[in-house]
Colleague: 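Below is a structure I'd like to ask you about.
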Amino acid sequence: MAVQVTESTTAPATPDASAASVDLGPAAALSCRECGERFDLGPIFACALCFGPLEVAYDLPTGDPQGLRERIEAGPNSIWRYAPLLPVPADVASKPNLNPGLTPLVKADRLAGELGVTGGLYVKDDSGNPTHSFKDRVVAIAVEAARAFGFTTLSCSSTGNLAGAVGAAAARAGFRSCVFIPHDLEAGKVVMAAVYGGELVAIEGTYDDVNRFCSELIGDSLGEGWGFVNVNLRPYYGEGSKTLAYEICEQLGWEIPDQIVIPIASGSQLTKIDKGLKELIKLGLVEDKPYKIFGAQAEGCSPVSRAFKDGHDVVRPVKPNTIAKSLAIGNPADGPYVLDIARRTGGAVEDVTDEQVVDAIKLLARTEGIFAETAGGVTVGVTRKLIETGQLDPARTTVVLNTGDGLKTLDAVAPTTGPTATIKPSLDAFRAAGLAG
């Protein structure tokens, strides 16, 4: 029996929306990831019994995998083709939203040649989303929850990409937005977050400081009517990352890849991709087979990698110091769950230096024409390191995630990237520069 959570465990004075009146498709309840207690659907994120994190539990459409597969393939060219598996109403595609998803899965043969991969290497390039990062996926789901619960303002704490995604989605859907970022983000991400007309507030401190501030705001009357996509709407928001698993498998002909390399910020993306793969297996949409999940961090913010290497179950917070600012979360909420998944699947969590991140960005651009932001440089760099250390099998099918556009993090490569030569406008000058051959 579902337990109705009291106001003390929810956002204060949220609009009235009873569980019976909420239409979030196949979503049936919220379930604690620690103790398993179930709660009515609502804008809550922590278990009232053990304070564990909550996630969405479903009544999924079982019994006809071929019919479900055909229904998905006939659906919209966006994440809404997977609406039967997401906490959204059936008519979600008809509502004003950014329609993210169905981004390219690039067969990266030239990159494979450089890395020595023989089993097939693919880059899931999520820079093609509306605001050029995977955050459009998670925000799109959070917007539907915000609609269902009657919120009027969308908010978040962000390392950059999420701020832009919330600003854009709010503008399209008709919400007010007010988002919070660390004061020292990349200029491109600041501009992109501000251009949509919402309120952008820079907080002096790290992302973890920003996140703590948002947690205080959500418990204050100032936060009345606010939907924080990665706080009180986090259980729904996180489900958007499952669509990466769905798309990868569909684009591979409804097969699970042998190995996936995923960047780690909070760790939610990695855990939800694993959840998505398990759901596909349960529904009979893909064949059940072993797969390995690898997590990727920058050395300057690598608490999960350190815990994995040290054999610990607890992730000790760190103070971030890396150019990969979109991954600079020193106290990742899903860190312990990432460790569980990496160990359960036979994967690993690894990290690379900032110099290796820059080299990997250039390698991906040079071999495949994909300009990744620093998070993509982390995953490619870690992939190379995993191969060199024998942790990742180059003879197996491997998917590497690029979660954002390199135009957002130009500062990372600008010091070592520029014109090959500057010449006068003449053929003689061109020959003298040694570029004619």
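Just the heavy atoms: all of them, side chains too, but no hydrogens, waters or symmetry mates, feed the values below. Position 1 is the first residue of the sequence, and the numbers go up from there.
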Colleague: Give a yes or no on whether Arg396 atom CZ has more than 12 heavy-atom contacts from other residues, nucleotides or ligands under 6.0 Å away.
Modeller: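 Open: at most 12 neighbouring heavy atoms sit under 6.0 Å from CZ of Arg396.
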
Colleague: Can you confirm whether Asn321 is buried at CG, in the sense that more than 12 heavy atoms of other residues, nucleotides or ligands lie under 6.0 Å from that atom?
Modeller: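 No, the 6.0 Å shell around CG holds no more than 12 heavy atoms from other groups.
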
Colleague: Tell me if a side-chain donor or acceptor on Asp310 pairs with a main-chain N or O of Ala307 at a distance below 3.5 Å.
Modeller: no

Colleague: Do Ser157 and Asn211 meet the criterion of a side-chain donor-acceptor pair at a distance under 3.5 Å?
Modeller: yes

Colleague: Looking at SG of Cys156 and CG of Asn230, how far apart are the two atoms once the value is rounded to the nearest 0.5 Å?
Modeller: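 So the SG of Cys156 and the CG of Asn230 are separated by 5.5 Å.
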
Colleague: Is the shortest heavy-atom distance from the side chain of Pro87 to the side chain of Ile141 under 4.5 Å?
Modeller: yes

Colleague: Is there side-chain contact between His132 and Met192, with heavy atoms separated by less than 4.5 Å?
Modeller: yes

Colleague: State whether Asp208 and Lys319 are salt-bridged, where the test is any N-O pair (Lys NZ or Arg NE/NH1/NH2 against Asp/Glu carboxylate O) under 4.0 Å.
Modeller: no

Colleague: Does a side-chain N-to-carboxylate-O contact under 4.0 Å join Glu373 and Lys408?
Modeller: no

Colleague: Before giving the answer on side chain to side chain donor-acceptor pair (under 3.5 Å), spell out for Asp334 and Ser266 the whole-Å C-alpha distance, their side-chain angles and the decisive distance to 0.1 Å.
Modeller: CA-CA 6 Å; Asp334 279 29; Ser266 71; 5.6 Å; no

Colleague: Determine whether Pro394 and Leu115 make a side-chain contact, defined as any pair of heavy atoms from C-beta on separated by less than 4.5 Å.
Modeller: no

Colleague: Among Lys272, Lys242, Glu247, Gln269, which residue satisfies the side chain to side chain contact (heavy atoms under 4.5 Å, CB included) criterion with Arg137?
Modeller: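 Running side chain to side chain contact (heavy atoms under 4.5 Å, CB included) over Lys272, Lys242, Glu247, Gln269 with Arg137 returns exactly one hit, Glu247.
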
Colleague: Regarding Ser78 and Asn99, is there a side-chain donor-to-acceptor distance under 3.5 Å anywhere?
Modeller: no

Colleague: What's the verdict on side-chain contact (heavy atoms from CB on, under 4.5 Å) for Gln259 and Asp393, showing C-alpha distance, side-chain angles and the deciding distance?
Modeller: CA-CA 8 Å; Gln259 303 169 135; Asp393 187 347; 3.5 Å; yes

Colleague: Are Arg81 and Glu250 within salt-bridge range, i.e. N to O under 4.0 Å?
Modeller: yes

Colleague: Apply ring pair (Phe, Tyr, Trp, His ring centres under 6.0 Å) to residues Phe175 and Phe151 and explain how you reach the verdict.
Modeller: CA-CA 8 Å; Phe175 286 86; Phe151 288 116; 8.7 Å; no

Colleague: Could you measure the distance from the CG atom of Asp59 to the OG1 atom of Thr62? Nearest 0.5 Å is fine.
Modeller: 9.5 Å

Colleague: Got a second to check how far Arg38's CZ is from Cys32's SG, nearest 0.5 Å?
Modeller: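 Spacing of CZ (Arg38) from SG (Cys32) equals 12.0 Å.
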
Colleague: One thing to verify: whether Arg384 and Glu114 come together as a salt bridge, which I'm taking to mean a side-chain N less than 4.0 angstrom from a carboxylate O.
Modeller: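 Result for this pair is no, no salt bridge flagged.
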
Colleague: Salt bridge between Asp288 and Lys278, side-chain N to carboxylate O under 4.0 Å?
Modeller: no

Colleague: Could you tell me whether Lys289 and Asp258 make a salt bridge, using a distance below 4.0 angstrom between a side-chain N and a carboxylate O?
Modeller: yes

Colleague: Under a 4.0 Å N-O cut-off, is there an ion pair linking Lys282 with Glu279?
Modeller: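 Salt bridge between Lys282 and Glu279, a charged N being under 4.0 Å from a carboxylate O: no.
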
Colleague: Quick check, are the ring centers of Trp80 and Tyr82 under 6.0 angstrom apart?
Modeller: no

Colleague: List the steps, then state whether side chain to side chain donor-acceptor pair (under 3.5 Å) holds for Lys124 with Asn402.
Modeller: CA-CA 6 Å; Lys124 181 57 172 171; Asn402 172 44; over 6 Å; no

Colleague: Quick check, are the ring centers of Phe149 and Tyr236 under 6.0 angstrom apart?
Modeller: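 Yes; Tyr236 has its ring centre under 6.0 Å from that of Phe149.
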
Colleague: My understanding is that only one of Ile260, Val338, Leu401 makes a side chain to side chain contact (heavy atoms under 4.5 Å, CB included) with Leu270; could you say which?
Modeller: Val338

Colleague: Please identify which of these residues, Phe180, Phe228, Tyr207, meets the ring-ring contact (aromatic ring centres under 6.0 Å, His included) condition with Phe213.
Modeller: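 In the set Phe180, Phe228, Tyr207, the residue that makes a ring-ring contact (aromatic ring centres under 6.0 Å, His included) with Phe213 is Phe180.
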
Colleague: Verify side chain to side chain donor-acceptor pair (under 3.5 Å) between Asn161 and Ser326, making sure each step is shown before the conclusion.
Modeller: CA-CA 7 Å; Asn161 284 326; Ser326 61; 4.6 Å; no

Colleague: Can you tell me how far the CD atom of Glu368 sits from the CG atom of Leu363, to the nearest 0.5 Å?
Modeller: 9.0 Å

Colleague: Under 4.5 Å between any side-chain heavy atoms of Asp109 and Leu121, yes or no?
Modeller: no

Colleague: Between Lys292 (side chain only) and Gln391 (backbone N and O only), is there a donor and an acceptor less than 3.5 Å apart?
Modeller: no

Colleague: Would the number of heavy atoms belonging to other residues, nucleotides or ligands and lying under 6.0 Å from CZ of Arg316 be above 12?
Modeller: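 Result for CZ/Arg316: open.
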
Colleague: To the nearest 0.5 angstrom, please state how far the CD atom of Glu239 sits from the CZ atom of Arg234.
Modeller: 11.5 Å

Colleague: Could you walk me through whether Asp136 and Thr131 satisfy the side chain to side chain donor-acceptor pair (under 3.5 Å) test, starting with their C-alpha distance in whole Å, then the side-chain angles of each, then the deciding distance to 0.1 Å, before giving a yes or no?
Modeller: CA-CA 7 Å; Asp136 290 320; Thr131 68; 2.8 Å; yes

Colleague: Around Gln66, counting heavy atoms of other residues, nucleotides and ligands shown, do more than 12 lie under 6.0 Å from its CD?
Modeller: yes

Colleague: Between CD1 of Ile361 and CG of Leu364, what distance do you get to the nearest 0.5 Å?
Modeller: 9.0 Å

Colleague: Hey, does Val92 have a side-chain heavy atom less than 4.5 Å from the side chain of Glu144?
Modeller: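 SC-SC contact between Glu144 and Val92 confirmed.
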
Colleague: Taking everything shown except Glu73 itself, do over 12 heavy atoms lie less than 6.0 Å from its CD?
Modeller: yes

Colleague: Inspect the contact between Arg71 and Asp64 and indicate whether a charged nitrogen and a carboxylate oxygen are less than 4.0 angstrom apart.
Modeller: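 Arg71 and Asp64: not salt-bridged.
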
Colleague: Does Arg212 come within less than 4.0 Å of Asp209, counting only side-chain N to carboxylate O?
Modeller: yes

Colleague: So Phe45 and Leu233, do their side chains get closer than 4.5 Å, heavy atoms only?
Modeller: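 Not in contact.
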
Colleague: Is any side-chain heavy atom of Glu299 closer than 4.5 Å to one of Asp354?
Modeller: no

Colleague: Taking Val349 as the fixed residue, which of Val382, Ile264, Ile341 is the one that meets the side chain to side chain contact (heavy atoms under 4.5 Å, CB included) rule?
Modeller: Ile264

